Protein chains: 2
Amino acid sequence: MSQPIALSSEVPATCRACNVRHAGMCAVLTAAELATMARSARRTQHAPGEPLVVEDSKLTSYANVTDGVVKLSRVLRNGRQQVVGLQFAPDLLGRLFGRENLVNVEAASEVDLCRIPKDVLEQLVATNPVLKQRLLDQSLQDLDEARDWMVTLGRKDARQRVASLLLLVARRCGAPGIDDPDRVVFDLPLTRSDMADFLGLTIETVSRQISRLRHEGVVQVANHRHVVIPSLPRLETLAG
Amino acid sequence: MSQPIALSSEVPATCRACNVRHAGMCAVLTAAELATMARSARRTQHAPGEPLVVEDSKLTSYANVTDGVVKLSRVLRNGRQQVVGLQFAPDLLGRLFGRENLVNVEAASEVDLCRIPKDVLEQLVATNPVLKQRLLDQSLQDLDEARDWMVTLGRKDARQRVASLLLLVARRCGAPGIDDPDRVVFDLPLTRSDMADFLGLTIETVSRQISRLRHEGVVQVANHRHVVIPSLPRLETLAG
DNA sequence: CGCCATCATTGATCCGGATCAAACGGGCCG
DNA sequence: CGGCCCGTTTGATCCGGATCAATGATGGCG
């Protein structure tokens, strides 16, 4: 208030309160850049299943996932669906410099977004090479993950696939157990249907394999969602 | 010869004779940049099946594919293999700014490479934003293709998968027929085994589905390799 | 509090693709 | 020219996961 000029380069209040402030692309932005973004950014909340962007639509804005899990999917002409990726906080949604969306984007869990107009972010990318590098890195990591998943879809059986997915979620959402680094606890942000669509399986098969892993003591499940992995290394072995 | 200084900014002879001179990343390079690259580039030829880079090795150079087709693959602990991508001329091999290779790289057909030391290319990328953009675009396109293939692996049956692969190769390697834009002719750069590893199927199933498509008149095959697609739209329909 | 809608589990049966096995064909080398 | 080797095709059988069907939990709402 005393120095308006100085204020413009302070970290905006919304950013200071944001839980991805020091993660993802935001970690490499200066206070002034955060201020520029915050000025045109819009925060939105979404319920599970809510469509965020539809395939083939024009791309007009990017969005940072600040909380929750987002599904990227494509549908075949015959109606069958394939989830082609999951995005967790603090990932950025939107194909960099793309003109249109090639995937459907949908909230898997409760999701908070920080939407940024296309031109604002691209302007920022153009002037900040570190930011550009960071986003390039994320794209390349997405590519690695997509290729990993191709192996899962092409060469693993149902049991290994389910184990692979539990592992993936455990790594992104899991909290390590007290006194036991191998123990992991988390809430599944996906329905059985979402899991099936990501794994290239049916709901029934996913359910059966989870039951099997449960009977074998590899996982404990409560309320269909609360998951405990007593031994992550054991799960890793089963994932192939 | 008369003006050595001027010569350094002329397009190098090897580049002038190169069939990807005006494609891929080389299209956006100045004569001086081409000269810089050519000075440290090394051209190599490889027979089908020859390993070009092995998984988890240190990444020390990039390579432009100037001719032929290259397989990117990963192997599971149980020995099963999954091809996670194909690279055609004029694609660049090597994960940009990566420190190690996460995939096996192997010649599928006869392959010609133009190898460029890691630091030389990265230096060029650092000073040429257009080049950086171009390579970013290729990475994003690779990501799109990987996701497309995830749909193929997760949600298509054997017939659709084989049709999808024929379509993919037809689009990258095919020559359109005279007087008939729907007709395409090409040589398969892959063995049945390679195809199976890309499609998440067995050799036998690939062979059976090709036979089936042949009996239906969707493709004509001679010598296992020479392929004629009388109607590309028909194939597109079958690919799902 | 109890009904209903939704999601998940479990069971029975079927089928597409894997596996096992054999024959085929073309190219290369002796 | 003949024989072998490798990649491919074709056939017979098996099995994992899809499909069809029914039951069981859970959370929202009147």
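The sequence lines fix the lettering, A, B, ..., with proteins before strands; numbering per chain opens at 1. None of the values given here were measured: they were computed from a predicted structure.
Residue pairs meeting the salt bridge (charged side-chain N to carboxylate O under 4.0 Å, His left out) criterion with at least one partner in residues 206-215 of chain B, sequence neighbours excluded, are B:Arg212-B:Glu216. The list of salt bridge (charged side-chain N to carboxylate O under 4.0 Å, His left out) pairs with a residue in residues 179-191 of chain B, not counting sequence neighbours, is empty. Among residue pairs with one or both ends in residues 86-96 of chain B, those qualifying as side chain to side chain donor-acceptor pair (under 3.5 Å) are A:Asp144-B:Arg95, B:Gln87-B:Asp91, B:Asp91-B:Arg172; sequence neighbours excluded.
Applying the side chain to side chain contact (heavy atoms under 4.5 Å, CB included) test to B:Arg16 and every residue at least two apart in sequence or in another chain returns B:Val11, B:Ala13. In this structure, the salt bridge (charged side-chain N to carboxylate O under 4.0 Å, His left out) partners of B:Asp148, at least two apart in sequence or on a different chain, are A:Arg74. Scored by the side chain to side chain contact (heavy atoms under 4.5 Å, CB included) test, A:Ser73 finds A:Gln81, A:Val83, A:Asn104 as partners (sequence neighbours excluded). Evaluation of the salt bridge (charged side-chain N to carboxylate O under 4.0 Å, His left out) rule for B:Arg115 yields no partner, not counting sequence neighbours.
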When the side chains of residues 190-199 of chain A are checked against the rest of the protein, which donor-acceptor pairs come out under 3.5 Å, sequence neighbours left out?
{"residue": "A:Thr191", "atom": "OG1", "partner": "A:Ser193", "partner atom": "N", "Å": "3.3"}
{"residue": "A:Thr191", "atom": "OG1", "partner": "A:Asp194", "partner atom": "N", "Å": "3.0"}
{"residue": "A:Thr191", "atom": "OG1", "partner": "A:Asp194", "partner atom": "OD2", "Å": "3.3"}
{"residue": "A:Arg192", "atom": "NH1", "partner": "A:His224", "partner atom": "O", "Å": "3.4"}
{"residue": "A:Arg192", "atom": "NH2", "partner": "A:His224", "partner atom": "O", "Å": "3.4"}
{"residue": "A:Asp194", "atom": "OD1", "partner": "A:Lys71", "partner atom": "NZ", "Å": "2.8"}
{"residue": "A:Asp194", "atom": "OD2", "partner": "A:Thr191", "partner atom": "N", "Å": "3.3"}
{"residue": "A:Asp197", "atom": "OD1", "partner": "B:Arg155", "partner atom": "NH2", "Å": "3.1"}

Show the atom names and distances, to 0.1 Å, of all donor-acceptor pairs under 3.5 Å that link a side chain in residues 228-236 of chain A to residues at least two apart or in another chain.
{"residue": "A:Ser231", "atom": "OG", "partner": "A:Arg234", "partner atom": "N", "Å": "3.2"}
{"residue": "A:Glu236", "atom": "OE2", "partner": "A:Arg171", "partner atom": "NH2", "Å": "3.0"}

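A:Ser207 places no side-chain N or O within donor-acceptor distance of the main-chain N or O of A:Ile203, the cut-off being under 3.5 Å. A donor-acceptor pair is defined here as one N or O able to donate and one able to accept, closer than 3.5 Å; such a pair exists between the side chain of B:Asp157 and the backbone of B:Arg159.
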Distances under 3.5 Å only, N/O to N/O: pair up the protein atoms with those of nucleotides 22-30 of chain D.
none

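Among the heavy atoms of the strands lying under 4.0 Å from A:Ser211 are primed sugar atoms or P, OP1, OP2 only; no base atom is included. Across all strands, B:Arg161 comes closer than 4.0 Å to no nucleic acid atom at all (heavy-atom distances).
Between A:Asp157 and B:Arg214, the residue anchored nearer the 5' end of DNA chain D, judged by the nucleotide with its closest heavy atom, is B:Arg214. Comparing A:His215 and B:Arg159 by the nucleotide of DNA chain C that holds the closest heavy atom to each, the one mapping nearer the 5' end is A:His215.
Of the residues in residues 190-205 of chain B, those placing a heavy atom less than 4.0 Å from an atom of DNA chain C are B:Gly200, B:Leu201, B:Thr202, B:Glu204, B:Thr205, in numerical order.
Chain B approaches DNA chain C over the interval C:dG17 to C:dC20, counting the first and last nucleotide 5' to 3' with an atom under 4.0 Å from its heavy atoms.
In this structure, B:Leu188 places its CG atom 10 Å from P of D:dT9, rounding to the nearest Å.
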